[in-house]
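Notes follow the structure.
Every number for a ligand or one of its atoms is a count from 1 in the order of the listing. Note that this is a predicted model, so its numbers are computed, not measured.
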Amino acid sequence: MEIEIATIGGYEEVGRQMTAVRAGDDIVIFDMGLNLSKVLIHDNLRTEGMHSLDLIDMGAIPDDRVMSDLEGDVQAIVPSHGHLDHIGAISKLAHRYDAPVVATPFTCELVREEVEDEQKFGFDNDIVEMDAGGTMSIGDHGCELEFVNVTHSIVQAINPVLHTPEGAIVYGLDKRMDHTPVIGDPIDMERFREIGREGNGVLCYIEDCTNANKKGRTPSESVAREHLRDVLYSMEDYDGGIITSTFSSHIARVKSIIEFAREIGRQPILLGRSMEQYSGTARQVGIDFPSDVEMVGYRRSIDQTLERIMNDGKGNFLPIVTGHQGEPRALLTRMARGETPYELDEGDKVVFSARVIPEPTNEGQRYQAEKLLGMQGARVYDDVHVSGHLCQEGHYEMLDALQPQHIIPAHQDLKGFSSYVDLCESEGYRMGRDLHVTRNGNIIELV
Ligand SMILES: [Zn+2]
């Protein structure tokens, strides 16, 4: 059976992930993501009514025109998890394919919300839920799709595997190796080891190189949870304002903040549209998440809530807000500029349970937000966080478990691939032979 892999997006950047695998006549697409930074750089750009070709030209969504060079039928569109760089282009591209979107329940719900706002294209693909550990047959030639449970900075992440008669194609974006996650099951390393040894083994492994330049291994989410507990407990006797900010899609982290806020005698309130969206979705699909926490999404209601907090005494509350990257329109930045009823006093605490995404725009905006907070006397606690991506020893362990015949580095630019290439070469792979460093829009023939 002929096997080809089209590396469509996310091979020159972090963002707009999209990869297609053709096995004989059957094609499976992994991810259809958005490069959000290409949208945000244009001030206040509304993408809902935009045509996909304009978004492709901006570099915001994958250029899927290479799909016409793959001869076969798309059988499934499979987002690995619910981050926007993996699902954010579904509303613009999925309608071109007569295939269902197959994902875990939380990811499916985020896809439904994402396509709801779409104004330009009609999305009528089926959305099929499949849990981690589930399998589904693909086409009529013996291919099967399997979801292997992984751990990442969003719940219900999986690595999809396409089993073909020539061996397994393992799509390895995005994960860390967490044996003590705060929500959900540990990463299923046992299954990865089995896949590496059964049948024809792993024909190809496509891997997320985000932290390949970092030594050691990525700590568990339970380490971030303990760090957060330590930071918030240290503030237990403080009776002024405490504000936290984190990734609103990071349900496990938001849950930890809610729990510790209550333990130090404060009422947590989720503020900001994306906070309300992701936490509301988590609650809706039955994820282990506090059901009784107040969530406020819209600006006017947020300002009313902040006014109530000021009147009741801000020492009784712990607002969990959007804006950990200093995004100009996010709530924390508005608070920093003094544009909300919430008043910061000398000694008030702001906890960033996130790291700055190392990109000049983010770094600049975050710097500005922190300076503004500092000018009002706030004390800033940075980087109460662990990454959602594998470091070097995690990558080594994955290669050891899967023993892939071919490797394709992904989820980075060329510079970001280099440390992963070094690791693979030290394990006996060779660039151009079985290690395929590639660009957006290429097709790699494996069999
Ligand atoms: Zn991700």
Task: Test: Arg229 and Glu226 ion pair at under 4.0 Å - done: yes
Open item on the list: So that I can tick it off, tell me whether Lys92 and Glu114 are bridged by a salt bridge, with the cut-off set at under 4.0 angstrom between side-chain N and carboxylate O.
Closed with: no
Open item on the list: Counting only heavy atoms not in Arg46 (residues, nucleotides, ligands), do more than 12 fall under 6.0 Å from its CZ?
Closed with: no
Mind listing the side-chain donor-acceptor pairs of residues 399-410 below 3.5 Å, one per line with the distance, residues two or more places apart or on another chain?
from   : atom 1 : to     : atom 2 : distance (Å)
Gln403 : NE2    : Asp400 : O      : 2.9
His406 : ND1    : His436 : NE2    : 2.9

- [ ] Answer yes or no: is there an ion pair linking Lys175 with Glu207, defined by an N-O contact shorter than 4.0 Å?
- [x] yes
TODO: Return the set of protein N, O or S atoms whose distance to the Zn ion (ligand 1) is under 2.8 Å, each given as residue and atom.
DONE: His81 NE2, His83 ND1, His152 NE2, Asp174 OD2
TODO: Applying side chain to side chain contact (heavy atoms under 4.5 Å, CB included) between Thr246 and each of Leu228, Ile257, Val351, report the one that passes.
DONE: Ile257
